[in-house]
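Down below is the structure, laid out as structure tokens.
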2 protein chains.
Amino acid sequence: MSELLLDRSRCSVAGTLAVVGEKWTLLVLREAFLGVRRFADFQRILGAPKAVLTDRLAGLVDQGILRRVPYQAEGERQRHEYRLTRKGIDLFPTLVSLMEWGDRYLADGDAPLEIDHRDCGARVHLTLTCDAGHPVDGVRDVTSVRRG
Amino acid sequence: MSELLLDRSRCSVAGTLAVVGEKWTLLVLREAFLGVRRFADFQRILGAPKAVLTDRLAGLVDQGILRRVPYQAEGERQRHEYRLTRKGIDLFPTLVSLMEWGDRYLADGDAPLEIDHRDCGARVHLTLTCDAGHPVDGVRDVTSVRRG
DNA sequence: TGGAGGAGGTTCGTCAAGCGAACTCAGGGT
DNA sequence: ACCCTGAGTTCGCTTGACGAACCTCCTCCA
């Protein structure tokens with residue numbers, strides 16, 4: 001039972017959830033991945049309370065996951081939009097993993113949204129593999145080792 | 001901008017978050033993957049309020065992600081423990097994705113917990129690939145298609 | 001036989017977070 | 001001069017999280 005002695009306080013899962021684990025945050029990011037950039041669009045699509053949305057967007061900008069970019073459409077005044085940074089883009093696998101689980105267990109295997117490889121058009125999915133190239137089926141194929 | 005017309009209410013990300021998106025839920029599952037099975041161990045390690053923990057465990061059992069298994073250690077009365085179901089085990093990639101992001105951006109690339117392949121000992125990673133076998137680097141290599 | 005003690009909760013009062021509706025403020029269009 | 005729209009802020013209410021205290025079995029030990 002040595003795993004029970006692990007220092008959970010510096011666990012990366014807890015750290016990541018402290019950053020993106022609040023209500024609406026991951027849904028904001030889902031929309032960002034689908035191309036949404038403006039406050040009003042986030043608000044209309046998600047239906048989140050504006051005050052909460054303001055808070056989540058500010059938090060994501062603080063964390064460097066989104067950045068505010070000023071822009072000006074013709075015939076409109078200057079506004080700013082929210083764009084994913086590299087740090088934000090790297091949350092894409094997390095979103096995909098949530099989507100794949102929901103597709104399997106909540107949508108009866110019927111994916112409302114399909115993600116395809118831009119180059120070849122084939123379906124994209126997440127896989128666990130080891131550095132030697134073997135497929136890893138799940139937690140039973142794995143050992144966890146504390147480091148430090 | 002056709003993506004903006006997608007019906008987000010049946011999005012699998014939102015569905016999955018409705019099931020595991022509350023505070024503590026994914027941390028409970030992290031402990032379950034590390035081998036924790038008993039109420040008192042979850043409570044002691046996580047430090048979550050007991051009432052919340054009771055509620056989260058009951059919810060996970062309701063959803064079929066954990067199951068309560070009665071057992072009896074010698075010299076002790078009968079108790080029950082919480083074990084992952086297949087449905088729960090399939091959330092492993094989600095936990096791994098959160099961990100990998102935290103390792104990269106919060107722990108300076110220094111993983112507090114290392115996950116290795118049981119058979120060969122090599123490090124285990126999540127990768128995005130397409131069915132044709134190409135590696136997918138991120139959201140820019142991808143197109144999203146509504147289905148239905 | 002009668003505590004003591006631990007597992008697995010429940011109850012309670014307080015405090016933070018999320019909620020919808022209303023309001024604000026700046027700039028552009030007419 | 002007035003209205004409209006995007007991007008918020010403010011406000012009162014409700015829901016959820018929190019820690020401390022309490023409860024109920026059951027077993028062990030004296």
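- No more than 12 heavy atoms of other residues, nucleotides or ligands sit less than 6.0 Å from atom CG of B/Asp108.
- Although no hydrogens or angles enter the test, the distance criterion places a donor-acceptor pair under 3.5 Å between the side chain of B/Asp141 and the main chain of B/Asp137.
- The interatomic distance linking B/Glu22 (CD) with C/dA17 (P) rounds to 16 Å, in whole Å.
- Between B/Arg56 and B/Glu22, at least one side-chain N (NZ, or NE/NH1/NH2) sits under 4.0 Å from a carboxylate O, which counts as a salt bridge.
- Protein atom CD1 of B/Ile45 is 13 Å distant from nucleotide atom P of C/dA7, rounded to whole Å.
- If you take CZ of A/Arg79 and C1' of C/dG27, they are 8 Å apart, rounded to a whole angstrom.
- Taking atom CG on B/Asp41 and atom P on C/dG9, their separation rounds to 13 Å, with Å as the unit.
- Note on ring orientation: taking the six-membered ring where Trp is involved, the planes of B/Tyr105 and B/Trp101 are tilted (angle from 30° to 60°).
- Here B/Arg37 does not reach the OP1 or OP2 of C/dA7: none of its side-chain N or O atoms lies under 4.0 Å away.
- For the side-chain contact (heavy atoms from CB on, under 4.5 Å) with B/Leu57, the qualifying choice from B/Val52, B/Leu66, B/Ile65 is B/Leu66, the only one to do so.
- With rounding to whole Å, A/Phe39 atom CZ is found 6 Å from D/dG8 atom P.
- Against DNA chain C, the stretch residues 51-62 of chain A makes heavy-atom approaches under 4.0 Å through A/Val52, A/Arg56.
- The backbone N or O of B/Gly64 lies less than 3.5 Å from a partner atom in the side chain of B/Thr85, making a donor-acceptor pair.
- Judged by atom type and distance alone, A/Lys23 does not reach the base of C/dG18 through any side-chain donor-acceptor pair under 3.5 Å.
- Contacts of A/Tyr82 with the nucleic acid, taken as non-hydrogen atoms under 4.0 Å apart, involve only primed sugar atoms and P, OP1 or OP2.
- Among the nucleotides D/dG6, D/dT9, C/dG20, the one closest to the side chain of A/Ala40 is D/dG6.
- One finds no side-chain N or O of A/His80 lying less than 4.0 angstrom from the OP1 or OP2 phosphate oxygen of C/dA26.
- Taking atom CH2 of A/Trp24 as the reference point, atom P of C/dG20 lies 8 Å away to the nearest angstrom.
- The distance from atom CD of A/Gln43 to atom P of D/dA7 is 11 Å, rounded to the nearest whole Å.
- Under 3.5 Å, the side chains of A/His117 and B/Asp131 contain no donor-acceptor pair of N or O atoms.
- Rounded to whole Å, atom C1' of D/dT5 lies 13 Å from atom CZ of A/Arg44.
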